[in-house]
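First up is the structure itself, then whatever we jot down about it.
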Amino acid sequence: MLFEDFASAQSALLWGTFVIALIMGAVVNKTNFCTMGAISDIVNIGDNGRMRAWLFAVAIAMIGVAIFEATGMASVDGSFPPYRASTLIWAENLLGGIMFGVGMTFASGCGNKTLIRIGGGNLKSVLVLLVIGVIAYYMINPFPGTDITLMSALFYDWIRPLAINLTGPQDLGSLLGGENAAQMRTWLGLGLGLLLAIYALRSTNFRKSFDNVLAGLVVGGAILAAWYLTDNIGVSMDGEIMSLREVVANWGFLMDGPAGKPDSIAPWSTQSFTFINPMGQTLGYAAEGFNYSMLTFGIMALTGVIAGSFLWALVSKSFRIEWFVNAKDFFMHLIGAVLMGFGGVLAVGCTIGQAITGTSTLAVGSMIAFAGIVFGSAMTMKIQYYKLVYEEEATFTKAFVSSMCDMRMLPNGLRKLEAV
């Protein structure tokens with residue numbers, strides 16, 4: 001997709017993103033695709049239908065990226081965020097993932113589900129969005145008049161030294177393939193994606209569930225559509241084809257003046273859906289009076305998902321205003337939002353941004369974050385259930401140890417409470 005001027009290319013990317021997100025938002029609302037719900041179904045009732053839908057979406061995205069890169073249709077190298085970076089921030093991925101998993105359980109859903117619920121009329125999720133947005137913004141951007149961010153004040157000095165500096169990209173293809181990284185990426189992407197697809201589709205119940213199959217196809221397809229869109233929009237500059245990022249990075253040499261220049265360079269890189277950082281971007285965009293120079297892929301993705309969910313809620317007549325039941329409900333959502341804000345930025349993504357978008361690149365950090373999210377959420381659900389059943393007898397320590405035994409991460413002999 002080649003354009004003669006930057007403004008036209010910019011508009012095509014932003015509105016193309018909105019349309020893809022609109023479709024995804026409507027389908028996610030219609031099918032009740034929910035990553036936290038997928039974990040909850042397994043933990044509480046032993047149903048893995050929605051987990052298979054989640055993994056089916058991962059499979060679609062992973063296979064698609066492998067085909068894109070093998071055929072030259074698109075490349076996810078140099079993405080935003082840099083999933084394949086040579087610095088493996090494993091501790092941040094893991095801690096952030098666990099925090100995010102705990103937080104989304106308290107806040108009744110992940111980042112994507114928060115947007116879906118807003119579109120459906122849930123005002124509790126508006127609070128969650130605002131809190132996540134404030135924390136995500138200041139985790140990355142300094143407080144006014146200083147050079148201090150929440151990341152630098154609370155985390156950087158003790159957690160970043162744990163990072164591993166690799167000699168090349170952190171994706172499995174590069175780590176295992178060496179000089180043959182491109183071919184290894186293709187075979188691993190196709191192989192792992194096929195295994196995940198087979199796992200999802202081998203279940204008769206899953207195959208018979210139109211909603212679960214549709215959700216996996218559309219969410220995975222939306223991830224691919226965004227990868228393709230953001231990597232294939234170019235601008236013809238004096239006969240040379242340049243990406244949007246290249247134009248923004250070299251604006252001073254290519255353009256006559258600052259008019260129309262985007263505020264930042266990185267958000268114009270190749271990318272796909274993730275929702276925590278865009279919540280911070282949206283806050284900054286609103287705080288600056290909706291300055292067009294700050295409008296990004298992430299902001300359009302966020303608004304598109306909300307709009308799609310809203311449209312489906314109207315069509316299905318399911319739109320309804322929902323508010324907090326009591327003070328406990330309010331504080332649980334507040335605490336959950338805080339954990340999601342910190343955790344989502346530390347982990348560099350959420351249940352969509354890392355577990356699907358990031359994993360589609362075969363990035364090791366994404367897989368670590370994915371595991372951390374699932375562990376944090378499942379552990380929280382189990383602890384909550386033990387405390388519900390045993391009430392005062394179930395201290396946090398007893399419930400935690402018993403939950404670890406349930407998850408086979410501690411010997412059963414250490415169990416403090418009978419399994420429920």
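As a basis for the values below, the full set of heavy atoms in this structure was taken, side chains included, without hydrogen atoms, waters or symmetry mates. All residue numbers refer to positions in the sequence shown, counting from 1. Values in this document were obtained by computation on a predicted structure and should not be read as measured data.
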For atom [atom1] of [X], is the number of surrounding heavy atoms from other residues, nucleotides or ligands below 6.0 Å larger than 12?
| X | atom1 | value |
| --- | --- | --- |
| Phe143 | CZ | yes |
| Tyr228 | OH | no |
| Phe324 | CZ | yes |
| Tyr292 | OH | yes |
| Leu154 | CG | yes |
| Trp187 | CH2 | no |

Residue pair [X] / [Y]: nearest heavy atoms and the distance that separates them:
| X | Y | value |
| --- | --- | --- |
| Thr105 | Ser377 | OG1-OG, 2.9 Å |
| Met99 | Gly343 | CB-CA, 3.9 Å |
| Ile148 | Thr146 | N-OG1, 3.2 Å |
| Ala222 | Met24 | CB-SD, 3.7 Å |
| Lys261 | Val248 | CE-O, 4.1 Å |
| Ala53 | Phe206 | N-CE1, 3.5 Å |

Exercise for review: With side chain to side chain contact (heavy atoms under 4.5 Å, CB included) as the test, would you mind laying out the steps for Arg160 and Glu92 before giving the verdict?
Suggested key: CA-CA 8 Å; Arg160 187 52 60 89; Glu92 291 163 60; 2.7 Å; yes
For residues [X] and [Y], determine if any side-chain heavy atom of one lies less than 4.5 Å from a side-chain heavy atom of the other.
| X | Y | value |
| --- | --- | --- |
| Leu13 | Trp268 | yes |
| Leu14 | Gln10 | yes |
| Ile276 | Phe100 | yes |
| Leu2 | Ile241 | yes |
| Ser403 | Tyr386 | yes |
| Arg202 | Arg52 | yes |
| Leu217 | Val213 | yes |
| Ser360 | Trp227 | yes |

Using the side-chain contact (heavy atoms from CB on, under 4.5 Å) definition, which of the options [options] pairs with [X]?
| X | options | result |
| --- | --- | --- |
| Trp323 | Leu123, Leu127, Asp329 | Leu123 |
| Val219 | Val28, Asn112, Val27 | Val28 |
| Met104 | Ile39, Thr114, Thr380, Val128 | Ile39 |

[X] [atom1] to [Y] [atom2] distance, which is reported to the nearest 0.5 Å:
| X | Y | atom1 | atom2 | answer |
| --- | --- | --- | --- | --- |
| Ile118 | Thr303 | CD1 | OG1 | 11.5 Å |
| Asn93 | Ile159 | CG | CD1 | 9.0 Å |
| Asp211 | Lys30 | CG | NZ | 3.5 Å |
| Met294 | Ile299 | CE | CD1 | 7.0 Å |
| Thr359 | Leu196 | OG1 | CG | 9.0 Å |
| Leu129 | Leu302 | CG | CG | 6.0 Å |

Does [Y] offer a backbone N or O that forms a donor-acceptor pair with the side chain of [X] under 3.5 Å?
| X | Y | answer |
| --- | --- | --- |
| Asp5 | Ser8 | yes |
| Ser316 | Trp312 | yes |
| Ser366 | Leu362 | no |
| Thr71 | Ile67 | yes |
| Ser269 | Ala266 | yes |
| Thr361 | Gly358 | yes |
| Glu288 | Tyr285 | no |
| Glu69 | Thr186 | no |
| Trp90 | Leu162 | yes |
| Thr357 | Gln354 | no |

Practice item. Report the C-alpha distance between Ile164 and Thr87 in whole Å, list the side-chain angles of each, state the deciding distance to 0.1 Å, and finish with yes or no for side chain to side chain contact (heavy atoms under 4.5 Å, CB included). Key: CA-CA 6 Å; Ile164 300 173; Thr87 300; over 6 Å; no
Practice item. For the residue pair Asn291 and Ser293, confirm or rule out a side-chain donor-acceptor distance under 3.5 Å. Key: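 Checked: Asn291/Ser293 side chains pair up, N/O donor to acceptor below 3.5 Å.
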Practice item. Carefully, step by step, assess Leu229 and Met1 under the rule side chain to side chain contact (heavy atoms under 4.5 Å, CB included). Key: CA-CA 9 Å; Leu229 175 71; Met1 293 171 279; 3.9 Å; yes
Review point. Picking from Lys113, Arg117, Glu322, what satisfies side chain to side chain donor-acceptor pair (under 3.5 Å) with Ser125?
Key: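 By the side chain to side chain donor-acceptor pair (under 3.5 Å) criterion, Ser125 pairs with just one of Lys113, Arg117, Glu322: Arg117.
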Pair [X] + [Y]: ring centers closer than 6.0 Å:
| X | Y | result |
| --- | --- | --- |
| His333 | Phe106 | no |
| Phe155 | Phe342 | yes |
| Phe273 | Phe297 | yes |
| Trp54 | Phe33 | no |

Practice item. Would you please test Ile373 and Ile98 for side chain to side chain contact (heavy atoms under 4.5 Å, CB included) and show each step? Key: CA-CA 5 Å; Ile373 291 170; Ile98 293 172; over 6 Å; no
Point to revise | side chain to side chain donor-acceptor pair (under 3.5 Å) between Ser174 and Asp171, worked out | key: CA-CA 6 Å; Ser174 297; Asp171 65 280; 2.8 Å; yes
Check your understanding: Yes or no on side chain to side chain donor-acceptor pair (under 3.5 Å) for Gln271 and Thr230, after CA distance, side-chain angles and deciding distance?
Key -> CA-CA 6 Å; Gln271 60 194 291; Thr230 57; 6.0 Å; no
Point to revise | Salt-bridge criterion met for Asp77 and Arg185 (N-O under 4.0 Å) | key: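 Between Arg185 and Asp77 there is a salt bridge, with a charged N closer than 4.0 Å to a carboxylate O.
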Check your understanding: Are Asn29 and Ser309 close enough, and set up right, to give a side chain to side chain donor-acceptor pair (under 3.5 Å), and what steps lead you there?
Key -> CA-CA 6 Å; Asn29 189 335; Ser309 176; 2.8 Å; yes
